[in-house]
Enquirer: 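The structure under discussion is supplied below as structure tokens; questions concerning it will follow.
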Amino acid sequence: MDRDRDKDPAAGGEMTDAAWTAARLCRTVPSVPEQTRCGSVAELFQADPTLPGVIVADAGGRPLALADRATFLLHFSQRYGRDLYARRAVTHLADREPLLVPLETGLSALNALIAEQKPDALHRGFVLVDGDGRAMGLGQGIDVMRLTAEEMSRTLDRLRATQRDLIQAEKMAALGGLVAGVAHEINTPLGVAVTAATAFAQDTERFGAAYRDGSLRRSLLEDYVASATEAMGFVLGNITRAADLVQSFKQVAVDQTTDQVRRFDLGDYLGEVLRSLQPQLRRVPHRLEADLVEGLEVDSTPGAIAQIVTNLVMNALTHAFTGRGDGGTIRVRLRPAETQAGWAELSVADDGNGIDAATLPRIFDPFFTTRRDAGGTGLGLHLVYNLVTQRLGGRIDVDSRVGDGTCFTVLFPRRG
């Protein structure tokens, strides 16, 4: 069978779905009767230095043996080999039980056949047969290995692309939670401001009506001035509170959607990040304590750091205190790294249930979660691991014992 080099992956061409069958590996080689002498087969190999092998077939074209070039010539070229084998049948130097592979066999199935039935087919080759069992050509292990490597590379690329998509989805989900919390926090002061403004508008309408019909009295004027003063106090105070909330959350939200590197005070920034988590903390009885050193400047991606801290804190809220009726404590600590100059050390610790020894090695694995019934995706800590090791160029360690809580320690270069 002639190969189409434009599409045959073994020939370095474009790969299609059809390329992933054994038919695409088929190399046309001579078929000889089993009575053929070894000397005649040796002449075939000498005449064509690229010939990988010769198929020994019966009158109906069904394969009986396979004389692969390397093995055949190894024995034939030995001292006295020519004298010993030249007049003997080719089956003396051929594999009498070659691996037979149907043309429609897929790549994975082909690898399984070789591994389970005939591992030496990787260097001796295998015979490709049609639906009636007739020999159609020869397949070589080198092509199988090349195709397998290419397929593994493609699979890895697809997995990485999927991982990027899932991480981006997780980031957007976290940002969505942040936005929802911000909206809830802003709604309260805005609601108070709207209520105060509405009440003042009604007082203003009554005051205007009294002025127009001439019934305005000193007491009504004094009441109106007092109402205006009170209303403006409510409006200005609550609008200022809403503006402060927006200012606190704005940079955190922007940073979580970009990968821009900038220089900033890490302690101040983490304070803003932790303030953005207050809406979630108000719904639970747990406390968040911060010990953030001042003046620790870094040249880094603040969005990655915000995502790391947010995920670690939310992971503690989700997992650390399950089944406990009392409130727990989450502590966020920032210091210059003591063990590595020019690095920062950030830890998020809780006094919760801890992680058992069987679970601990798997916590950073994608899709691994012990709370899938509660909506866990198993991507939060996997995202943290990737951000720390890839985006920040650092490392993350975890120390946990059942009943003693958990501490995540992140170390990364300040580059400042």
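Not measured: the values here are computed from a predicted model.
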Enquirer: Does the pair Phe126 and Leu113 meet the rule for a side chain to side chain contact (heavy atoms under 4.5 Å, CB included), with working shown?
Expert: CA-CA 11 Å; Phe126 47 89; Leu113 280 175; over 6 Å; no
Enquirer: Excluding sequence neighbours, so at least two apart, what forms side-chain contact (heavy atoms from CB on, under 4.5 Å) with Ser153?
Expert: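 Ser153 satisfies side-chain contact (heavy atoms from CB on, under 4.5 Å) with Asp157 only.
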Enquirer: Are any of the side-chain nitrogens in Glu150 or Arg154 under 4.0 Å away from the carboxylate oxygens of its partner?
Expert: no
Enquirer: Any non-hydrogen side-chain atom of Asp399 less than 4.5 Å from a side-chain atom of Arg401?
Expert: yes
Enquirer: Could you walk me through whether Leu147 and Leu110 pass the side chain to side chain contact (heavy atoms under 4.5 Å, CB included) test, one step at a time?
Expert: CA-CA 11 Å; Leu147 286 175; Leu110 176 55; over 6 Å; no
Enquirer: Take atom CD in Glu294; do more than 12 heavy atoms of anything else shown fall under 6.0 Å from it?
Expert: no
Enquirer: Let me have the donor-acceptor pairs involving side chains of residues 225-235, under 3.5 Å, with sequence neighbours excluded, atom names and distances please.
Expert:
from: Ser227; atom 1: OG; to: Asp203; atom 2: OD2; distance (Å): 2.4
from: Thr229; atom 1: OG1; to: Val225; atom 2: O; distance (Å): 2.9

Enquirer: Tell me whether the count of non-hydrogen atoms from other residues, nucleotides or ligands lying under 6.0 Å of CZ in Arg88 goes above 12.
Expert: yes
Enquirer: With distance as the sole test, does Asp350 use its side chain to make a donor-acceptor pair with the main-chain N or O of Gly405 at under 3.5 Å?
Expert: no
Enquirer: How long is the straight-line distance from CZ of Arg415 back to CH2 of Trp343, given to the nearest 0.5 Å?
Expert: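 Rounded to the nearest 0.5 Å, the CH2-CZ separation comes to 8.5 Å.
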Enquirer: Working to the nearest 0.5 angstrom, can you tell me the gap between Thr148 OG1 and Asn111 CG?
Expert: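 Reported to 0.5 Å precision, the distance equals 3.5 Å.
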Enquirer: Side chain to side chain contact (heavy atoms under 4.5 Å, CB included), that's the test. Do Val388 and Phe412 meet it? Break it down for me.
Expert: CA-CA 7 Å; Val388 171; Phe412 60 96; 5.7 Å; no
Enquirer: Strictly by salt bridge (charged side-chain N to carboxylate O under 4.0 Å, His left out), give each pair with a member in residues 95-105 just once, sequence neighbours left out.
Expert: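 Sorted pair list: Asp95-Lys118.
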Enquirer: Measuring from atom CZ of Arg82 to atom NE2 of His75, what distance do you get when rounded to the nearest 0.5 angstrom?
Expert: 15.5 Å
Enquirer: Of all residues at least two apart in sequence or in a different chain, which pass the salt bridge (Lys or Arg N to Asp or Glu O under 4.0 Å) check with Glu116?
Expert: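 Applying salt bridge (Lys or Arg N to Asp or Glu O under 4.0 Å) to Glu116 gives none.
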Enquirer: Between Pro361 and Ala358, what is the shortest heavy-atom contact and its length?
Expert: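 Shortest heavy-atom separation between Pro361 and Ala358 comes out as CD-O, 3.6 Å.
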Enquirer: Please check if the side chain of Asp130 supplies one atom and the backbone of Asp132 the other of a donor-acceptor pair under 3.5 Å.
Expert: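 Flag set: sc Asp130 to bb Asp132 pair under 3.5 Å.
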Enquirer: Got a sec, which pairs hit salt bridge (charged side-chain N to carboxylate O under 4.0 Å, His left out) with one end in residues 63-79, sequence neighbours left out?
Expert: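 Found Asp68-Arg124.
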Enquirer: Students often mix this up, so state it plainly: with edges at 30° and 60°, are the rings of Phe207 and Tyr224 parallel, tilted or perpendicular?
Expert: parallel
Enquirer: Check the side chains of Thr21 and Arg24 for a donor-acceptor pair under 3.5 angstrom, ignoring hydrogens and angles.
Expert: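 Distance-only check fails for Arg24 and Thr21.
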Enquirer: Determine which pairs satisfy ring pair (Phe, Tyr, Trp, His ring centres under 6.0 Å) with at least one residue from residues 278-302, sequence neighbours left out, and list them in order.
Expert: His286-Phe321
Enquirer: Step through the shown structure and confirm whether more than 12 heavy atoms of other residues, nucleotides or ligands are within 6.0 Å of CZ on Arg362.
Expert: no
Enquirer: For Glu345, is there an ion pair with Arg335 - N to carboxylate O distance below 4.0 angstrom?
Expert: no
Enquirer: Tell me the closest heavy-atom pair linking Leu292 and Gly271, and the distance in Å.
Expert: CD1-N, 3.7 Å
Enquirer: What's the shortest heavy-atom distance between Leu128 and Cys26, and which atoms?
Expert: CD1-CA, 3.3 Å
Enquirer: With Arg395, which residues qualify under side chain to side chain donor-acceptor pair (under 3.5 Å), at least two apart?
Expert: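 Partners of Arg395 under the side chain to side chain donor-acceptor pair (under 3.5 Å) test: Gln340.
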Enquirer: Holding to side chain to side chain donor-acceptor pair (under 3.5 Å), I want the full list of residues that pass it with Thr409, two or more places apart in sequence or in another chain.
Expert: none
Enquirer: Among residues at least two apart in sequence or on other chains, which ones pass ring-ring contact (aromatic ring centres under 6.0 Å, His included) with Phe264?
Expert: Tyr269
Enquirer: What do the steps show when you test Leu312 against Val384 for side chain to side chain contact (heavy atoms under 4.5 Å, CB included), and what is the final call?
Expert: CA-CA 8 Å; Leu312 289 177; Val384 168; 4.2 Å; yes
Enquirer: Say you draw a straight line from CD1 of Ile114 to CG of Leu99; how long is it, rounded to the nearest 0.5 Å?
Expert: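 The distance works out to 6.5 Å.
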Enquirer: Just to verify, what does Thr406 make a side chain to side chain donor-acceptor pair (under 3.5 Å) with, not counting sequence neighbours?
Expert: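 Ser400.
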Enquirer: Checking Gln140 now: which residues fulfil side chain to side chain donor-acceptor pair (under 3.5 Å) with it, not counting sequence neighbours?
Expert: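 With sequence neighbours excluded, Gln140 shows a side chain to side chain donor-acceptor pair (under 3.5 Å) to Arg27, given in chain and number order.
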Enquirer: Quick one: CG on Leu346 to CG on Leu266, what's the gap to the nearest 0.5 Å?
Expert: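 The distance works out to 7.0 Å.
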Enquirer: Would you indicate whether the side-chain heavy atoms of Arg158 and Thr155 approach each other to under 4.5 Å?
Expert: yes
Enquirer: Does a donor on one side chain and an acceptor on the other come within less than 3.5 Å for Arg287 and Thr329?
Expert: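 Present: a donor and an acceptor within the cut-off.
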Enquirer: Throw together a table of side-chain donor-acceptor distances under 3.5 angstrom for residues 41-55, partners on residues two or more places apart or in other chains.
Expert:
from: Asp48; atom 1: OD1; to: Thr50; atom 2: N; distance (Å): 3.0
from: Asp48; atom 1: OD1; to: Thr50; atom 2: OG1; distance (Å): 2.6

